[in-house]
Peer 1: 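My structure is below; once you've seen it, I'll send some questions.
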Amino acid sequence: MMDIWLLIGALGLIAVHESAHAVMAHRLGGRFLGVVWDLRRARVGVRLDVTGLTPAQVRWTLVAAPIAEALWIAFWVWWHPVVAPWWRMVLPIHWALNALPFGSTDGARFWATWRRPARPGGAS
């Protein structure tokens with residue numbers, strides 16, 4: 001039975017993560033363009049248009065996901081405490097891998113915003 005709760009929690013984690021990106025981008029003036037499924041690499045994501053956002057706003061769009069994940073997992077551990085040891089092990093690994101500045105991770109996108117020049121007359 002615990003396997004089912006872990007699966008539900010993991011699928012919810014993906015949904016919460018990607019929804020947080022989309023909602024934050026929309027609230028800051030970006031646009032949600034759709035869901036991206038990469039089944040060969042077992043990845044899912046959201047396609048966003050953030051061209052009008054400042055680098056700081058793009059960073060908030062990216063940071064919204066781990067914040068939402070922390071809230072989701074806090075709720076999940078409260079609801080089913082038996083899964084807490086598993087999440088204590090998996091979540092830090094997940095966050096560390098997602099924060100690495102390589103490939104197409106959120107971390108790579110986050111760190112790239114520091115290299116992007118600020119728009120003339122705009123805050124960064």
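In this chain, residues are counted from 1 in sequence order.
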Peer 1: Once you round to the nearest 0.5 Å, how far does CD1 of I67 lie from CH2 of W60?
Peer 2: 5.5 Å
Peer 1: How many angstroms lie between atom CG of L48 and atom NE2 of H26, to the nearest 0.5 angstrom?
Peer 2: 11.5 Å
Peer 1: For L13 and W87: C-alpha separation, side-chain torsions, deciding distance, then whether side chain to side chain contact (heavy atoms under 4.5 Å, CB included) applies.
Peer 2: CA-CA 11 Å; L13 187 71; W87 284 114; 3.8 Å; yes
Peer 1: Apply side-chain hydrogen bond (donor to acceptor under 3.5 Å, both in side chains) to H94 and list each qualifying residue two or more places apart in sequence or on a separate chain.
Peer 2: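 H94: side-chain hydrogen bond (donor to acceptor under 3.5 Å, both in side chains) contacts with E69.
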Peer 1: Is it the case that the side chain of W76 and the backbone of W5 share a donor-acceptor pair, with hydrogens and angles ignored and the cut-off at 3.5 Å?
Peer 2: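 The answer is yes, because a donor-acceptor pair under 3.5 Å joins these two groups.
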Peer 1: Kindly give the heavy-atom pair with the smallest separation between A64 and A20, and that separation in Å.
Peer 2: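 Looking at all heavy atoms of both residues, the closest pair is O-CB, 3.5 Å.
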Peer 1: Report yes or no: do W78 and V82 belong to one cluster of Ile/Leu/Val/Met/Phe/Trp/Tyr joined by side chain heavy-atom distances under 4.5 Å?
Peer 2: yes
Peer 1: Does CH2 in W111 sit with more than 12 non-hydrogen atoms of other residues, nucleotides or ligands closer than 6.0 Å?
Peer 2: no
Peer 1: Is there a chain of hydrophobic side chains (I, L, V, M, F, W, Y, each step under 4.5 Å between heavy atoms) that links L7 to I14?
Peer 2: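 Shared cluster, no.
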Peer 1: Among T54, V58, L53, exactly one meets side chain to side chain contact (heavy atoms under 4.5 Å, CB included) together with T113. Which residue is that?
Peer 2: V58
Peer 1: At what distance, to the nearest 0.5 angstrom, does CD1 of I93 lie from CG of L97?
Peer 2: 7.5 Å
Peer 1: Identify whether L11 and V44 are in the same connected component of the hydrophobic contact network (ILVMFWY, side-chain heavy atoms under 4.5 Å).
Peer 2: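 Different hydrophobic clusters.
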Peer 1: Got a sec, which residues hit side-chain hydrogen bond (donor to acceptor under 3.5 Å, both in side chains) with R43, two or more places apart in sequence or on another chain?
Peer 2: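 With neighbours one apart ignored, the set is D38, S104.
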Peer 1: Could you measure the distance from the CZ atom of F32 to the NE2 atom of H21? Nearest 0.5 Å is fine.
Peer 2: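 If I round to the nearest 0.5 Å, the distance is 12.0 Å.
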Peer 1: Nearest 0.5 angstrom please: N98 CG to H17 NE2, how far?
Peer 2: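 That separation rounds to 5.0 Å.
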Peer 1: More than 12 heavy atoms of other residues, nucleotides or ligands under 6.0 Å from CH2 of W86: yes or no?
Peer 2: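 Check passes, neighbour count above 12.
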Peer 1: Tell me whether L91 shares a hydrophobic cluster with I8, the cluster being built from Ile, Leu, Val, Met, Phe, Trp, Tyr side chains joined at under 4.5 Å.
Peer 2: yes
Peer 1: Between T61 and Q57 (side chain of the first, backbone of the second, donor and acceptor by atom type, cut-off under 3.5 Å), is there such a pair?
Peer 2: yes
Peer 1: What is the minimum heavy-atom distance between A108 and G103, and which atoms define it?
Peer 2: CB-O, 3.4 Å
Peer 1: Can a donor-acceptor pair be found, under 3.5 Å and without considering hydrogens, that links the side chain of W72 to the backbone of G9?
Peer 2: yes
Peer 1: Look up atom CG in L28 and atom CZ in R59, then write down how far apart they are to the nearest 0.5 Å.
Peer 2: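 Answer for the CG-CZ pair, L28 versus R59, is 12.0 Å.
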Peer 1: Does L33 share a hydrophobic cluster with V23, counting links as ILVMFWY side-chain heavy atoms below 4.5 Å and allowing steps through other members?
Peer 2: no
